[in-house]
Each structure stands twice: as structure tokens, then as C-alpha cells.
Amino acid sequence: QVHLVESGGGLVQAGGSLRLSCLASGRISSINYMGWYRQAPGKTRELVAEITSSGYTNYADSVKGRFTISRDIAKNAVYLQMNTLKPEDTGVYYCKMVPTVVTPPRVSENDYWGQGTQVTVSA
């Protein structure tokens, strides 16, 4: 079993910054994919930023130049530095990981999600 714990959300004024963290625990051999998603009220969950095992990063157009995704492989952690926040960035932010879990004799890869952390940006 893999468990993800997010932290770092909160209330901030437009133009401010926040840093989200997501730490994974469990019988993890490696992590093949890490990503941040968000869901605004009344909207579907959308990709914000992602990073693959090779270090390739991808961002939603709306956050390019403002958000930066990074990781600490040794800690099984992924971070999202959010700068120049806008009211439209408001939502619940979720981290997603796809780890390789080794439980001999089985090896599995599944999607895991964090519980979500609220980010509210006031005008």
C-alpha cells in the first residue's frame, strides 16, 4: 500500500506565492510519474504540472512561467512552487504518483492520489 500526504496549501493574496509538498510512503521501489492536478468548484480535475522518471516536465498553459514542479527522489517527494498566484488558481490541489511497488513475488504499478490541499487566492 502507498500513501500520499500533501501539505502547503492555504489562503494567499493575488501575486503571492505558495509551495506545495507531497510525500509518498510505502513499499516503493521507484516512482515513474509525479504530477499535480487541481479542481476548482464546479469544474473537472485538470493537470497543472507533471514530471516523469526521466525528468521531463510539462505544464498547463495557464501556469507556465509561474509554477515550477520539482522532486526529491530520495524522499519520494514532489513539490510545486507557485508564484504570482491569481484568483483563478483557486482550487483543491491533488498530487498523483505512479510508483513501482515490490511485494515479492509481485511487482505492481498503480495510480495513487493524495487527499488534496486547498489553495485559495484572493483578489
Side-chain angles (χ1 to χ4, degrees):
Q1 187 69 15
V2 174
H3 188 54
L4 305 185
V5 178
E6 299 152 348
S7 60
L11 172 64
V12 65
Q13 288 187 330
S17 298
L18 286 173
R19 185 174 186 252
L20 305 183
S21 301
C22 178
L23 274 65
S25 60
R27 301 177 67 94
I28 297 170
S29 173
S30 61
I31 301 181
N32 308 300
Y33 172 91
M34 297 177 169
W36 286 97
Y37 293 71
R38 69 186 178 193
Q39 188 165 16
K43 295 187 177 181
T44 57
R45 192 173 298 186
E46 64 176 357
L47 173 69
V48 176
E50 59 189 355
I51 183 168
T52 67
S53 58
S54 64
Y56 168 80
T57 58
N58 181 47
Y59 295 89
D61 288 342
S62 60
V63 307
K64 284 180 180 177
R66 300 188 297 122
F67 291 11
T68 302
I69 189 170
S70 62
R71 62 182 177 175
D72 186 329
I73 295 174
K75 295 182 178 180
N76 291 330
V78 63
Y79 308 98
L80 186 68
Q81 178 65 44
M82 305 186 293
N83 298 327
T84 319
L85 282 160
K86 303 176 181 180
E88 51 264 44
D89 295 319
T90 294
V92 179
Y93 283 67
Y94 299 88
C95 70
K96 173 185 173 181
M97 295 192 190
V98 182
T100 297
V101 177
V102 178
T103 307
R106 291 188 304 173
V107 178
S108 62
E109 289 186 9
N110 294 292
D111 293 355
Y112 291 91
W113 293 86
Q115 81 284 359
T117 184
Q118 177 71 44
V119 171
T120 303
V121 185
S122 62

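We use all heavy atoms of the structure for the numbers below, so side chains are in, but hydrogens, waters and symmetry mates are not.
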Handout entry: Polar side chain donor-acceptor pair, N76 to S25, under 3.5 angstrom
Key = no
So, taking the atom named [atom1] in [X] and the one named [atom2] in [Y], what distance separates them when rounded to the nearest 0.5 Å?
X: I51; Y: M34; atom1: CD1; atom2: CE; answer: 8.0 Å
X: S30; Y: E109; atom1: OG; atom2: CD; answer: 7.0 Å
X: S108; Y: R27; atom1: OG; atom2: CZ; answer: 10.5 Å

Report, one line per pair, each donor and acceptor closer than 3.5 Å where one atom sits in a side chain of residues 78-88; sequence neighbours left out.
| unit_1 | atom_1 | unit_2 | atom_2 | d |
| --- | --- | --- | --- | --- |
| Q81 | NE2 | N83 | OD1 | 2.9 |
| N83 | OD1 | S17 | OG | 2.9 |

Exercise for the section: Please check if V48 and L23 belong to a single hydrophobic cluster, counting links between Ile, Leu, Val, Met, Phe, Trp and Tyr side chain heavy atoms closer than 4.5 Å. Expected result: no
Problem - Closest approach of L20 to W36 (non-hydrogen atoms, all atoms of both residues) - result: CB-CH2, 3.6 Å
Exercise for the section: Taking all non-hydrogen atoms of both residues into account, name the closest pair between G35 and I69 and its distance. Expected result: CA-CD1, 4.4 Å
Handout entry: Heavy-atom check, side chain of I31 versus side chain of I73, under 4.5 Å
Key = no
Handout entry: Heavy-atom side-chain proximity of C22 to M97 below 4.5 angstrom
Key = yes
Problem - Test item: R106 side-chain N/O and V101 main-chain N/O as donor-acceptor pair under 3.5 Å - result: no
Without placing hydrogens or testing angles, list every side-chain donor-acceptor pair under 3.5 Å for residues 38-46, not counting sequence neighbours.
| unit_1 | atom_1 | unit_2 | atom_2 | d |
| --- | --- | --- | --- | --- |
| R38 | NE | E46 | OE2 | 2.8 |
| R38 | NH1 | D89 | OD1 | 2.9 |
| R38 | NH1 | Y93 | OH | 2.9 |
| R38 | NH2 | E46 | OE2 | 3.4 |
| R38 | NH2 | S62 | OG | 3.4 |
| Q39 | NE2 | K43 | O | 3.1 |

Practice task
Identify, with sequence neighbours excluded, every residue that meets side chain to side chain donor-acceptor pair (under 3.5 Å) alongside D61.
Solution key: K64
Handout entry: T120: partners by side chain to side chain donor-acceptor pair (under 3.5 Å), with sequence neighbours left out
Key = Q118
Result block: side-chain N/O donor-acceptor pairs under 3.5 angstrom for residues 1-14, not counting sequence neighbours:
| unit_1 | atom_1 | unit_2 | atom_2 | d |
| --- | --- | --- | --- | --- |
| E6 | OE1 | G116 | N | 2.4 |
| E6 | OE1 | T117 | N | 3.4 |
| E6 | OE2 | C95 | N | 2.6 |

Problem - Apart from V92 itself, residues in the same hydrophobic cluster as defined by side-chain heavy atoms under 4.5 Å - result: Y33, Y37, L47, Y94, V98, W113
